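First up is the structure itself, then whatever we jot down about it.
Numbering starts at 1 and runs along the sequence shown. Values below: every heavy atom of this structure, side chains too, minus hydrogens, waters and symmetry copies. Please read all numbers here as calculations on a predicted model, not as lab measurements.
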Amino acid sequence: MRHPLVPLGALAGAALLASGCSTGPSPAAGELHAAASRAAASPVAAKAPADVGANELGQVPVLMYHQLTESPASVYDRTPADFRAELERLARENYVPVTARDFQTGRIGIPAGMHPVVLTFDDSTNSQVRLTPDGMPAPETAVAILTETAKKYPAFKAVATFFVNADAFSATGSAKALTWLKEHGHEVANHTGRHENLRSLDQAGAARAISAGQQAIEKAVPGTQVTSLALPFGAMPQPAGVATRGTDYRYDGVYLVGANPSVSPFAKAFTPGAIPRIRSAGPKDEDAEFGSSRWLDKLAAGKNRYVSDGDPNTVAFPSASQNELSPAFAKRARPY
């Protein structure tokens, strides 16, 4: 199912949040920052922050994909060639994919001088994941193209987050497809049971819709820990806390639809209950100003892109940005 694009511009996150998503700290913000401050990731080669221009308070693109098709019918469709070209651009520009789970909890273990990117897929379409009878990704599916890109560019990790509905990936079957994703390092996350507009439901109805998606994943792949939710249509339930906590679910990150980069998870301004995403789009597509091509141009041309120092246990940044740091990460701070 498709979502109506909300043209949000440079203040996209603020505009979207004002229209339906809380701009204040999410109910879980304090807990999540505290948990992330305790998180430790596997070390990678660290360098002096100044040597690589480290800025771990910089912006991170969280890209959003839906359907891959040779005949796009909506602004949310991309061709397999478009998708491949975008992944290769990311690889050439020194981006390294991390899952939503790792991003939202600050477990960003990537090499020095590289930039994190979060690849997210909504609606569990067969163009994203379809396996052949021998269990391999079918040609020109998203997982096949992602795997091929990682082989071509070894620093580019073949990991992504798949926000799925009940009866995910019908051509393969939920159990088989979700098991494959989990075994290959991808994150399986919730997109509600039937893609309900949570804003249109009362509190109990929204909780049931979210819970249905959670239960469908757990039934298909028992033991899966689901820690991320993407809101269908970007529609925040009321109250917003329903999106992060329920009787049988608890999410570290809740993802919107549009239409700008996220701030760093180490920043005071980070709201884990309302994380913005960028729709994948070409430079001349409809509403291209709010799409991935234009935003990647802006991030490359600016000075506020997340740059890793290679040490996942510290938060390095120019000293001029000290006031942007969340107090939860004060002990890990490495200003220069």
Side-chain angles (χ1 to χ4, degrees), residues 1-7 61-90 97 99-100 117-132 136-149 158-174 176-178 180-181 186-197 213 216-217 228-235 255-259 276-288 290-296:
M1 296 180 69
R2 300 294 176 259
H3 315 303
L5 180 65
V6 180
V62 182
L63 303 185
M64 178 179 65
Y65 302 93
H66 290 77
Q67 177 89 344
L68 298 187
T69 174
E70 293 293 352
S71 302
S74 120
V75 294
Y76 291 93
D77 294 345
R78 302 229 70 191
T79 68
D82 290 336
F83 180 61
R84 187 183 300 275
E86 182 154 272
L87 293 188
E88 294 202 4
R89 174 184 180 173
L90 291 168
T99 63
V117 61
V118 186
L119 307 176
T120 69
F121 296 83
D122 288 12
D123 300 352
S124 46
T125 65
N126 292 324
S127 67
Q128 298 168 9
V129 179
R130 189 174 72 258
L131 302 179
T132 62
M136 299 297 291
E140 298 297 272
T141 56
V143 287
I145 295 170
L146 178 55
T147 301
E148 291 161 7
T149 304
V159 297
T161 295
F162 291 82
F163 290 108
V164 304
N165 307 113
D167 302 321
F169 310 116
S170 59
T172 300
S174 292
K176 184 176 180 180
L178 299 188
W180 187 95
L181 288 172
H186 300 287
E187 178 185 4
V188 176
N190 193 1
H191 199 39
T192 75
R194 299 294 174 189
H195 205 278
E196 294 94 333
N197 182 326
I217 295 170
S228 310
L229 170 73
L231 301 172
F233 311 104
Y255 290 78
L256 308 175
V257 166
R277 293 188 290 169
I278 302 169
R279 174 177 59 84
S280 178
K284 297 182 180 180
D285 287 354
E286 182 180 345
D287 294 318
F290 315 111
S292 57
S293 293
R294 297 282 185 88
W295 269 115
L296 291 174

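Among residues at least two apart or in separate chains, side chain to side chain donor-acceptor pair (under 3.5 Å) pairs with a member in residues 139-149 are Arg84-Glu140, Arg84-Glu148. Residue pairs satisfying the salt bridge (charged side-chain N to carboxylate O under 4.0 Å, His left out) criterion with at least one member in residues 164-173, sequence neighbours excluded, are listed as follows: Asp167-Arg194.
Rounding to the nearest 0.5 Å places OG of Ser170 at 11.5 Å from CG of Asn165. How far CD of Gln128 is from OH of Tyr65: 11.5 Å, rounded to the nearest 0.5 Å. Distance check: Leu119 CG to Phe162 CZ gives 8.5 Å after rounding to the nearest 0.5 Å. Rounding to the nearest 0.5 Å gives a distance of 6.0 Å between CG of Leu296 and CG of Leu63. Summarising the geometry, atom OG1 belonging to Thr192 is positioned 9.5 Å from atom CG belonging to Asn197; distances are rounded to the nearest 0.5 Å.
For Asn190, the side chain to side chain donor-acceptor pair (under 3.5 Å) criterion is met by Tyr251, not counting sequence neighbours. Residues satisfying the side chain to side chain donor-acceptor pair (under 3.5 Å) criterion with Ser127, sequence neighbours excluded, are Gln67, Thr125. Residues forming a side-chain contact (heavy atoms from CB on, under 4.5 Å) with Thr132 (at least two apart in sequence, or on another chain): Asp134, Met136, Ala138. For Ala288, the side-chain contact (heavy atoms from CB on, under 4.5 Å) partners at least two apart in sequence or on another chain are Arg294. Here Ala216 pairs with Ala166 under the side-chain contact (heavy atoms from CB on, under 4.5 Å) rule; sequence neighbours left out. Every residue two or more places apart in sequence or in another chain that forms a side chain to side chain donor-acceptor pair (under 3.5 Å) with Thr161 is listed here: Glu187. Residues satisfying the side-chain contact (heavy atoms from CB on, under 4.5 Å) test with Ala177, not counting sequence neighbours, are Val129, Phe169, Thr172. Asp82 pairs by the side chain to side chain donor-acceptor pair (under 3.5 Å) definition with Thr79, not counting sequence neighbours. Among residues two or more places apart in sequence or in another chain, the ring-ring contact (aromatic ring centres under 6.0 Å, His included) test is passed with Tyr255 by Phe163.
Heavy-atom minimum distance, Trp295 versus Ala259: NE1-O, 2.9 Å. Taking both residues in full, the closest heavy atoms of Ile145 and Leu68 are given as CD1-CD1, 4.3 Å, listed atom of the first, atom of the second, then distance.
A perpendicular orientation is assigned to the rings of His195 and Phe233, their planes being inclined by more than 60° (bins at 30° and 60°).
Taking the side chain as every heavy atom from C-beta outward, Tyr76 and Asp122 never approach each other to under 4.5 Å. Proximity of Glu70 to Pro80: side-chain heavy atoms (C-beta onward) are separated by under 4.5 Å at one or more points. You'll find the side chain of Pro276 stays beyond 4.5 Å of the side chain of Val62, heavy atoms only.
Paired with Ser292 under the rule side chain to side chain donor-acceptor pair (under 3.5 Å), one option of Arg279, Arg277, Glu86, Arg89 passes, and it is Glu86.
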Please walk me through it: do Val164 and His191 pass side chain to side chain contact (heavy atoms under 4.5 Å, CB included)? CA-CA 5 Å; Val164 304; His191 199 39; 5.7 Å; no
